Amino acid sequence: MNPFALFADRVRAAVTALAAESGVAGALDLSKIAVEPPREEAHGDLAVNAAMVLARDFKAKPRELAERLAKKLGELPDVKKVEVAGPGFINISLDPAFWLRVLGAIIDTGADFGRAAIGKGERVNVEYVSANPTGPMHVGHGRGAVFGDALANLLAFAGYDVTREYYVNDAGAQVDVLARSAFLRYREALGDKIGEIPEGLYPGDYLIPVGKALAEQHGRDLLQKPDEVWLPVVRAAAIDAMMDMIRDDLESLAIRHDVFFSERSLSSGAVDKVAATIEDLRKAGHIYEGRLPPPKGAPVEDWEDREQTLFRATDFGDDVDRPLMKSDGSYTYFAADIAYHRDKIERGFTTLIDVWGADHGGYVKRMSAAVAALGGGKVTLDVKLCQLVRLLRAGEPVKMSKRAGDFVTLREVVDEVGKDPVRFMMLFRKNDATLDFDLAKVIEQSRENPVFYVQYAHARAKSVLRNMAEALPGLDLSPSGLRSAPVERLTDEGELRMVKRLAQWPRLVEQAAAAHEPHRIAFFLHELASEFHTHWNRGNDLPYLRFIMPDDSILTLARAALVHGVAAVLASGLAILGVRAPEEMR
RNA sequence: GGCCCCGUAGCUCAGUCGGAUAGAGCAGCUGCCUUCUAAGCAGCAGGUCAGAGGUUCGAAUCCUCUCGGGGUCACCA
């Protein structure tokens, strides 16, 4: 049940009827009509902008049209009061009984309350993390990982058919560097003195076990072999080990991808998909051989003016055409990435979401251009950029860890503070805003810590239900028992505020999903938790507002239905965020 | 220099695909409180939404320009 969608339908019907009565000719654009919760509580429950939006079509002044429409809306079921206000808003107050029905809906649908259908089963591919398999994940990767995972959860909850995907950059120069770094550790494992790790190779300790494993498996065999022989072997082993480590790191955050897609597989299979993609685009006229102007501004030292294979990205909104081949004849990363996105499209996805670090922002236009060229307008790409994370401890920047090769690993942070604080805090901020992550604050059990605050609200709600069962053993707190609760006895403003908040949950899910913004879930939960805690505290001063009324089991049952609703929505939202909803906190 | 993101209260940030008098938490000030579960509560004060134009019934939101911060800039991934 989404009250706003329900009333939007009713309002549109009323407008249509009014148009017919008034003899308004032509089609009305009803899509502009919004039925929203008003910002001010004094403005009632629903704000309707129809009169302002359609005044022109009705050849009437907004306020005048509003009056006429208001009269009609006043006849709708569940409507208690209709007022025209401001420039032509129609404010509707609903019968509390209408809102209270939401509690029944929550009891009936359980964890599915708020589940939306806007996705209509559309196949969405969310590509996230995609960290190079050259070392452990750092905190910045973690943000993208958590964001992508929560977004995937959110879209699934909104009715999309979601695939979670990791693009493994196992081709190119960096994994060769990884292989050389691992080879050094291999020699080390065999007793060679390797001294300092040379500049340009990965110095991290995490390659030592890889070297040892190679030594155990191959003995001294690889030492004598030329590069062409040992490098692919060592590279494959190192990539496998790195991916195992990355998967472990992700597992510590409860992140599991459906697909790990290998970049190398694009051109190493029976058909070279990169070549095929370039061929396709060439046939479609999107590729040519030509020269690029040198970059403006900062001069490039080794600029080489040469003819190269270029993608006409400028035809699709990019600033410059983009090279597909390097000077040594191999494909650019971009060329492979086009082939990869083509592969996603061929697998039937119509919405592609890429989650990248903000440092890849310059890459968005060309990828969007490529998808536009590939998808023929039928496929949308949304690139979500995650800004940097600044790691702090009690306000002070955290020192880098030598062991990991000069950065703080995601694993270190998760091990120190736990999965839930990491996930929640990473989602308690818009993805495109920088994030301060304070290791000391996120484990604090205080109001200032939103993780604790929201989780505690859930635990408190569950605790109340347990205490109810204890205080009033005859109370039937089963779903059918709660369903029979006389919710009309919930008349306090704090109670009704929570009820209305709960009723907004389905709408919020739809909007957050449509906007690809999981942080809205986190903020909603924080507000709901805040209202719950506030109401709880009012019980200190006003004992008749307490949830448990030992002398009035019927009223207690009504309040149990409310507490159940709060707990259910908190649990549902936390599940989207991938954060535990604890039964108790001790 | 081009492009992208950001700029909202002293601080950290929300702000509903354009809505009404721009919100929350922290810090500050005033009073109260020690718990049905352990985060104390209520109130006050705090704003040129970086700035200037524009679009329209209406702009923090959309467009243009300026200022400030960050990112990025063929042949890395």
Side-chain angles (χ1 to χ4, degrees), chain A residues 4 34 36-40 42-43 47 49 51-53 55-56 61-63 85-89 91 130-132 134 167 169 171-175 263 291-298 300 302-306 308 310 318-328 330 332-334 336-337 357-365 385 387-388 428-430 432-434 436 444-450 452-453 456-457 459-460 463-464 466-468 470-471 504 507-508 511-512 514-515 519-520 523 526-527 529-530 533-534 536-541 543 546-550 584-586:
Chain A
F4 304 95
E36 304 173 307
R39 198 178 298 221
E40 302 267 333
H43 291 150
N49 67 350
M52 277 135 49
V53 171
R56 194 172 310 205
K61 289 182 182 151
R63 292 232 20 150
F89 281 101
N91 292 328
S130 302
N132 290 338
T134 53
Y167 184 45
N169 300 135
Q174 297 198 2
V175 282
E263 177 187 357
R291 290 169 188 279
L292 281 180
K296 291 173 183 141
V300 180
D302 54 346
W303 172 258
E304 178 192 347
D305 186 21
R306 66 180 175 93
Q308 44 187 343
L310 297 167
D318 201 356
D319 311 303
V320 63
D321 292 334
R322 303 293 180 176
L324 301 176
M325 310 287 283
K326 301 183 206 169
S327 50
D328 67 358
S330 61
T332 59
Y333 179 81
F334 180 50
D337 215 359
D359 55 340
H360 289 62
Y363 200 75
V364 174
K365 278 192 182 180
L385 298 179
Q387 270 291 353
L388 305 178
F428 199 57
R429 183 110 322 171
K430 261 188 314 201
D432 52 9
T434 54
D436 288 346
E444 221 170 72
Q445 299 212 344
S446 79
R447 184 189 178 132
E448 285 81 71
N449 177 3
F452 173 77
Y453 194 65
Y456 183 53
R460 175 173 267 177
S463 165
V464 168
R466 284 193 300 271
N467 288 341
M468 278 177 178
E470 204 168 304
Q504 287 190 34
R507 178 174 184 270
L508 186 104
Q511 292 186 325
H519 77 272
R520 296 194 196 188
F523 279 93
H526 193 254
E527 282 172 50
S530 167
H533 290 310
T534 297
W536 169 282
N537 284 317
R538 290 179 69 215
N540 286 332
D541 296 334
R546 296 183 177 191
F547 293 115
I548 302 172
M549 304 298 284
E584 58 180 4
M585 292 173 85
R586 288 184 187 283

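Just so we're on the same page: letters track the sequence lines, and every chain starts at 1. No experiment lies behind these values; they were computed from the predicted model shown. Computed from heavy atoms alone, side chains included, the values below leave out hydrogens, waters and symmetry copies.
- Taking the C1' atom of each, B:A9 and B:C29 are spaced 16 Å apart, rounded to whole Å.
- A:Pro543 approaches A:Met549 most closely through the heavy-atom pair O-SD, 3.8 Å.
- Counting non-hydrogen atoms under 4.0 angstrom, A:Glu263 reaches the backbone sugars and phosphates but no base.
- Counting non-hydrogen atoms under 4.0 angstrom, A:Arg466 reaches a base of the nucleic acid.
- One atom, CG of A:Leu388, and another, C1' of B:G70, lie 8 Å apart when rounded to the nearest Å.
- Relative to the side chain of A:Asp432, the nucleotides B:A14, B:A74, B:C6 differ in distance, and B:C6 lies closest.
- On the C1' atoms, B:C33 is 14 Å away from B:A39, given to the nearest whole Å.
- With B:C6, B:A42, B:G71 as the candidates, the nucleotide lying closest to the side chain of A:Asp359 is B:G71.
- In terms of position along RNA chain B, the nucleotide closest to A:Asp319 lies nearer the 5' end than the nucleotide closest to the other residue of the pair A:Phe523 and A:Asp319.
- Looking at heavy-atom distances under 4.0 Å, A:Phe452 makes contact with sugar-phosphate atoms alone, never a base.
- Between the C1' atom of B:G40 and the OH atom of A:Tyr453 lies a distance of 11 Å, rounded to the nearest Å.
- Nucleotide B:A77 holds its P atom 10 Å from the OH atom of A:Tyr167, rounded to whole Å.
- A:Thr434 comes within 4.0 angstrom of sugar-phosphate atoms only, judged by non-hydrogen atoms across all strands, and of no base.
- Between the NZ atom of A:Lys326 and the C1' atom of B:A74 there is a distance of 12 Å, given to the nearest Å.
- Taking atom C1' in both B:C62 and B:C41, the straight-line distance is 43 Å, to the nearest Å.
- Phosphate proximity of B:C57 to A:Lys61: absent, as no side-chain N or O sits under 4.0 Å from OP1 or OP2.
- Atom P of nucleotide B:G2 and atom NZ of A:Lys365 are separated by 12 Å, given to the nearest angstrom.
- Rounded to the nearest Å, the gap between the C1' atom of B:C73 and that of B:G15 is 33 Å.
- Counting distance only, with no hydrogens placed and no angle test, the side-chain atoms of A:His526 and the base atoms of B:A24 include no donor-acceptor pair under 3.5 Å.
- Only the P atoms considered, B:G69 is 32 Å distant from B:U55, to the nearest whole Å.
- With B:A74, B:A14, B:A77 as the candidates, the nucleotide lying closest to the side chain of A:Arg306 is B:A74.
- Between the side chain of A:His533 and the backbone N or O of A:Tyr456, no donor-acceptor pair lies under 3.5 Å.
- When the C1' atom is compared between B:G19 and B:A60, the two are found 12 Å apart, to the nearest whole Å.
- A:His43 has its ring centre no less than 6.0 Å from the ring centre of A:Phe89.
- For the atom pair OH (A:Tyr363) and OH (A:Tyr333), the distance works out to 5.5 Å, reported to the nearest 0.5 Å.
- Under the side-chain contact (heavy atoms from CB on, under 4.5 Å) test applied with A:Leu310, the options A:Val320, A:Leu324, A:Leu292 reduce to a single match, A:Leu292.
- Expressed to the nearest 0.5 Å, how far CZ of A:Arg429 lies from CG of A:Asp436 amounts to 7.5 Å.
- Without hydrogens or angle criteria, A:Ser530 side chain to A:His526 main chain gives no donor-acceptor distance under 3.5 Å.
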Between protein and nucleic acid, restricted to nucleotides 15-20 of chain B and to nitrogen or oxygen atoms under 3.5 Å apart, what atom pairs and distances do you find?
from, atom 1, to, atom 2, distance (Å)
B:G15, OP1, A:His519, NE2, 3.0
B:U16, O2', A:Glu36, OE2, 3.3
B:U16, O2, A:Arg507, NH1, 3.0
B:A20, OP2, A:Arg39, NE, 2.8
B:A20, OP2, A:Arg39, NH2, 3.1
B:A20, N6, A:Asn91, OD1, 2.5
B:A20, N1, A:Asn91, OD1, 3.1
B:A20, N1, A:Asn91, ND2, 2.8

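- Regarding A:His533, its NE2 atom lies at a distance of 14 Å from the C1' atom of B:C41, rounded to whole Å.
- A:Lys365 pairs with exactly one of A:Asp321, A:Asp318, A:Asp319 by the salt bridge (Lys or Arg N to Asp or Glu O under 4.0 Å) rule, that one being A:Asp319.
- Nearest nucleotide to the side chain of A:Thr534, out of B:A14, B:A42, B:C5: B:A42.
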- Task: Treat a base pair as Watson-Crick or G-U wobble with both distances under 3.5 Å, then lay out RNA chain B in dot-bracket form, 5' to 3', with | for cross-strand pairs.
- Result: (((((((..((((.....[...)))).(((((.......))))).....(((((..]....))))))))))))....
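- Taking the C1' atom of each, B:C36 and B:G28 are spaced 33 Å apart, rounded to whole Å.
- Heavy-atom minimum distance, A:Arg546 versus A:Gly539: NE-O, 2.8 Å.
- Both tests pass for A:Arg507 against the ring of A:Phe4: distance under 6.0 Å to the centre and angle within 45° of the axis.
- Between A:Ala51 and A:Gly88 the shortest heavy-atom distance is CB-O, 3.7 Å.
- Each of A:Arg56 and A:Ala459 was assigned the nucleotide of RNA chain B with the nearest heavy atom; the assignment lying further toward the 5' end belongs to A:Ala459.
- One finds the OG1 atom of A:Thr332 at 9.0 Å from the CG atom of A:Asp337 (value rounded to the nearest 0.5 Å).
- Separation of the P atoms belonging to B:G40 and B:U35 is 14 Å when rounded to the nearest angstrom.
- Between A:Tyr363 atom OH and B:A74 atom P there is a gap of 13 Å when expressed in whole angstrom units.
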Report all interatomic pairs (protein N or O, nucleotide N or O of nucleotides 30-36 of chain B) with separations under 3.5 Å.
from, atom 1, to, atom 2, distance (Å)
B:U35, O2, A:Asn540, ND2, 3.3
B:C36, OP1, A:Arg546, NH1, 3.1
B:C36, OP1, A:Arg546, NH2, 3.4
B:C36, N4, A:Trp536, O, 3.3

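- In this pair, A:Trp536 and A:Phe547 present their aromatic rings tilted. The plane angle is within the 30 to 60° band.
- The CD atom of A:Glu36 lies 10.5 Å from the CD atom of A:Gln504; values are rounded to the nearest 0.5 Å.
- Atom CG of A:Asp337 and atom C1' of B:C76 are 13 Å apart (whole Å).
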